[in-house]
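Worksheet for the structure shown next.
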Amino acid sequence: MFADPPAPQPLQPGESPPASTGDPLGLDGQTRAWQFNPEYQKLVTLWNQVMPMMESLTGTLKEARRLAESPDVWDAPVGRRYVEDIGEWDKRLALYRQSVLSAISDQAADTPRWVPVEAGAPHAFS
């Protein structure tokens with residue numbers, strides 16, 4: 001079983017942007033204003049949409065496996081084959097879950113949480 005990668009963290013109440021300082025190397029020498037990166041927020045939203053679906057799939061498969069392992073459901077030698085098949089599906093679902101969540105987590109790690117207001121944010125879904 002795999003552990004889920006770290007989730008992108010939403011904007012926390014009271015969280016403040018990086019300190020606004022004058023950029024001595026900038027052309028205008030003005031202080032920068034920051035905003036929470038909308039592309040990062042899309043990754044947070046995507047994670048929050050995907051997790052309930054993954055949990056539902058995992059729970060449904062575990063329930064099917066529990067039922068398949070019960071002698072009250074399968075009173076035939078063919079039942080063992082179904083239990084083995086469900087075990088294989090469980091492994092594949094775990095790999096799928098790991099790859100989907102890792103893709104979101106890796107993209108979030110590469111996307112800055114805060115961007116200067118005047119700059120365009122990196123595109124996470126390009």
Side-chain angles (χ1 to χ4, degrees):
M1 191 68 173
F2 299 102
D4 289 341
Q9 296 300 311
L11 181 63
Q12 301 297 321
E15 183 179 355
S16 60
S20 293
T21 59
D23 185 6
L25 300 177
L27 296 175
D28 53 8
Q30 303 236 345
T31 60
R32 287 191 174 179
W34 296 89
Q35 70 176 2
F36 194 73
N37 190 345
E39 297 300 323
Y40 190 88
Q41 182 58 45
K42 285 181 185 178
L43 294 169
V44 171
T45 303
L46 182 61
W47 182 278
N48 291 335
Q49 289 173 345
V50 166
M51 278 305 289
M53 289 186 270
M54 292 294 180
E55 291 297 328
S56 174
L57 285 170
T58 303
T60 301
L61 195 54
K62 285 185 183 199
E63 177 65 16
R65 184 176 191 152
R66 186 189 65 75
L67 290 172
E69 289 173 342
S70 171
D72 296 336
V73 176
W74 295 107
D75 192 19
V78 73
R80 187 175 67 232
R81 186 185 78 204
Y82 287 115
V83 171
E84 290 170 1
D85 287 347
I86 292 173
E88 182 62 31
W89 298 338
D90 192 29
K91 289 178 193 173
R92 290 180 184 191
L93 179 59
L95 288 171
Y96 177 72
R97 176 185 177 126
Q98 182 70 21
S99 65
V100 168
L101 296 180
S102 291
I104 297 170
S105 181
D106 290 349
Q107 185 66 43
D110 292 340
T111 304
R113 287 175 53 83
W114 295 93
V115 292
V117 173
E118 67 274 1
H123 297 285
F125 299 110
S126 57

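All residue numbers in this chain count up from 1 along the given sequence. As the structure is a computational prediction, the values presented were derived from the model and not from experiment.
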Side-chain (S99) to main-chain (Y96) donor-acceptor, under 3.5 angstrom: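 Judged by distance alone, yes, a pair lies under 3.5 Å.
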
Donor-acceptor under 3.5 Å (S102 side chain, Q98 main chain):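 Checked: pair present.
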
What's the separation between atom [atom1] in [X] and atom [atom2] in [Y], rounded to the nearest 0.5 Å?
X   : Y   : atom1 : atom2 : value
Q9  : L43 : CD    : CG    : 12.5 Å
D90 : E88 : CG    : CD    : 9.5 Å
N37 : L11 : CG    : CG    : 11.5 Å

Salt bridge flag under 4.0 Å for residues R81 and E84: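 No, R81 and E84 are not salt-bridged.
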
Heavy-atom pair of closest approach, residues [X] and [Y]:
X   : Y    : value
W47 : P5   : CH2-O, 3.4 Å
L61 : I86  : CD1-CG2, 3.8 Å
Y40 : A108 : CE1-O, 3.4 Å
P18 : W34  : O-CD1, 3.5 Å
E15 : W114 : OE2-NE1, 3.6 Å
P8  : I104 : CG-CG2, 4.2 Å

Working for side chain to side chain contact (heavy atoms under 4.5 Å, CB included), residues Q41 and T45: CA-CA 6 Å; Q41 182 58 45; T45 303; 3.5 Å; yes

Residue pair Q107 / E39, side-chain heavy-atom distance below 4.5 Å: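 Side chain of Q107 against side chain of E39, heavy atoms only: no contact under 4.5 Å found.
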
Side chain to side chain contact (heavy atoms under 4.5 Å, CB included) evaluation trace for K62 with R66: CA-CA 6 Å; K62 285 185 183 199; R66 186 189 65 75; over 6 Å; no

Side-chain donor/acceptor pairs under 3.5 Å, residues 48-56, sequence neighbours excluded:
{"residue": "N48", "atom": "ND2", "partner": "V44", "partner atom": "O", "Å": "3.3"}
{"residue": "E55", "atom": "OE2", "partner": "R97", "partner atom": "NH1", "Å": "3.2"}
{"residue": "E55", "atom": "OE2", "partner": "R97", "partner atom": "NH2", "Å": "2.6"}

Sequence neighbours excluded, every pair satisfying ring pair (Phe, Tyr, Trp, His ring centres under 6.0 Å) that has a member inside residues 53-73: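 Found none.
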
